[in-house]
Amino acid sequence: MKKLYPDAAAALDGVLFDGMTICAGGFGLCGIPERLIDAILAAGTTDLTIASNNAGIDGEGLGKLLRSRQVRKMISSYVGENKEFERQYLAGELEVEFCPQGTLAERCRAGGAGIPGFYTKTGVGTQVAEGKEVRSFDGEDYILERGIRADLSIIKGWKADEAGNLVFRKTARNFNQPMATAGKVCVAEVEEVVPVGSLDPDQIHLPGIYVNRLIVGAPYDKKIEFRTVRERVAA
């Protein structure tokens with residue numbers, strides 16, 4: 001089956017629909033599926049539920065979809081860099097489900113593995129536990145967290161072969177791998193596609209069985225959330 005598509009719009013053709021749930025990979029602005037986010041923005045798909053570690057920043061990443069009011073609900077861990085997110089949340093315009101970072105990664109991994117739920121100590125006795133089942137194991141309380149399954153996963157990788165076997169690079173590996181497996185359909189954008197057999201099998205992070213569609217998104221500009229510099233020391 002041919003997995004390589006000419007661009008993001010083509011790769012998402014027939015996949016998007018209003019009210020869908022999307023798992024989006026990336027960590028901050030590192031390893032985010034920029035081209036696919038832009039294609040969703042252009043398609044105008046609305047009423048979205050998006051599971052992502054963060055919500056981008058104003059005007060970048062998922063922040064674009066928040067600004068265009070295409071997102072109904074966010075399931076996220078860290079959202080402190082997005083003023084529009086804050087405004088919509090405080091105004092009651094955006095539904096938010098806050099989830100501890102490790103729990104979110106495990107919820108997506110569990111969903112991809114066919115595990116409907118699991119128990120964790122993270123969040124016991126806090127607002128995270130409100131409304132959730134609590135059970136005791138060996139004298140310790142744990143809360144039940146549900147696995148996440150999405151209609152679509154959008155991820156960003158470094159290199160892939162034509163069969164969809166994929167390699168992530170450094171921090172971009174965060175969240176992309178579990179998000180990829182949680183979707184009924186996974187669309188990946190990468191910097192380079194190489195012939196089958198070019199990648200060392202021991203270095204593949206995501207087997208091609210999980211990737212349904214693939215695009216080359218390069219070239220990319222490296223975006224920085226916070227540019228921090230030291231004060232110049234007087235000579």
Side-chain angles (χ1 to χ4, degrees), residues 8 21-41 48-67 71 73-86 89 94 96-113 120 122-123 128 145 147-148 150 152-160 166-183 186-192 203-207 210-211 214-215 217-228:
T21 297
I22 298 175
C23 277
F27 191 77
L29 293 182
C30 182
I32 62 173
E34 299 176 40
R35 307 293 180 252
L36 296 170
I37 290 172
D38 286 344
I40 295 171
L41 176 68
L48 299 173
T49 296
I50 300 181
S52 173
N53 177 60
N54 61 289
I57 62 175
D58 293 290
E60 296 292 348
L62 293 174
K64 295 180 179 180
L65 299 181
L66 286 166
R67 183 180 57 190
V71 182
K73 177 180 179 179
M74 287 294 307
I75 306 172
S76 297
S77 296
Y78 180 69
V79 296
E81 308 305 329
N82 194 313
K83 294 297 184 183
E84 178 60 16
F85 180 103
E86 178 185 5
Y89 173 58
L94 177 69
V96 178
E97 181 181 338
F98 289 113
C99 184
Q101 196 167 76
T103 301
L104 178 60
E106 180 62 11
R107 288 179 67 187
C108 294
R109 189 207 68 82
T120 176
T122 303
V128 171
E145 293 282 2
I148 293 176
L152 171 67
S153 295
I154 54 173
I155 64 167
K156 161 72 166 45
W158 174 46
K159 188 181 293 187
L166 200 148
V167 178
F168 300 107
R169 188 169 184 270
K170 298 183 178 181
T171 310
R173 191 173 178 180
N174 287 354
F175 279 95
N176 273 300
Q177 191 170 18
M179 293 298 189
T181 66
C186 175
V187 182
E189 61 180 84
V190 296
E191 299 181 30
E192 181 184 2
Q203 300 303 314
I204 290 171
H205 298 135
L206 182 70
Y210 291 109
V211 178
L214 182 68
I215 67 164
Y220 292 94
D221 294 325
K222 174 60 179 174
K223 296 185 173 66
I224 300 173
E225 289 179 73
F226 281 111
R227 188 177 298 276
T228 304

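Since the model is a prediction, treat every value here as computed from it, not as a measurement.
Distance check, rounded to the nearest 0.5 Å: CG of Asn176 to CG of Leu206 gives 9.0 Å. Distance CD1/Ile148 to CD/Glu97: 6.5 Å, rounded to 0.5 Å. For the atom pair Asn53 CG and Asn174 CG, the distance stands at 8.0 Å (nearest 0.5 Å). Rounded to the nearest 0.5 angstrom, Lys83 NZ and Leu66 CG are separated by 14.5 Å. Residue Leu152 holds its CG atom at 8.0 Å from SG of Cys186, rounded to the nearest 0.5 Å. A distance of 11.5 Å separates OG1 in Thr120 from CZ in Arg107, rounded to the nearest 0.5 Å.
Considering only heavy atoms from C-beta on, Ile50 comes within 4.5 Å of Met74 through its side chain. Between Glu145 and Glu106, the closest side-chain pair of non-hydrogen atoms is not below 4.5 Å. Looking only at side-chain heavy atoms (C-beta outward), Leu36 and Val187 come within less than 4.5 Å of each other. Residues Trp158 and Arg173 are not in side-chain contact: their nearest non-hydrogen atoms beyond the backbone lie 4.5 Å or more apart. The closest side-chain heavy-atom distance from Thr103 to Val128 is not below 4.5 Å. Within the 4.5 Å cutoff, side-chain heavy atoms of Val96 are placed close to those of Phe85. Between Ile75 and Thr21, every side-chain heavy-atom pair lies at or beyond the 4.5 Å cut-off.
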Open item on the list: Run the side-chain contact (heavy atoms from CB on, under 4.5 Å) test on Val167 and His205 for me, step by step, so that the C-alpha distance in whole Å, both residues' side-chain angles and the decisive distance to 0.1 Å come before the verdict.
Closed with: CA-CA 5 Å; Val167 178; His205 298 135; 3.8 Å; yes
Run the side-chain donor-acceptor check on residues 22-31: report pairs under 3.5 Å with partners two or more places apart or on a different chain.
none

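The heavy-atom pair separating Ser77 from Pro100 by the smallest distance is OG-C, 3.5 Å. Across every non-hydrogen atom of Gly157 and Leu166, the tightest pair is CA-CD2, 3.7 Å.
The backbone N or O of Asn54 sits less than 3.5 Å from a side-chain atom of Ser52, completing a donor-acceptor pair. A donor-acceptor contact shorter than 3.5 Å links the side chain of Arg35 to the backbone of Gly217. Without hydrogens or angle criteria, Ser153 side chain to Met179 main chain gives a donor-acceptor distance under 3.5 Å.
When the shell of 6.0 Å around CZ of Phe98 is examined, it contains more than 12 heavy atoms from other residues, nucleotides or ligands.
For Glu189, there are no salt bridge (Lys or Arg N to Asp or Glu O under 4.0 Å) partners, not counting sequence neighbours.
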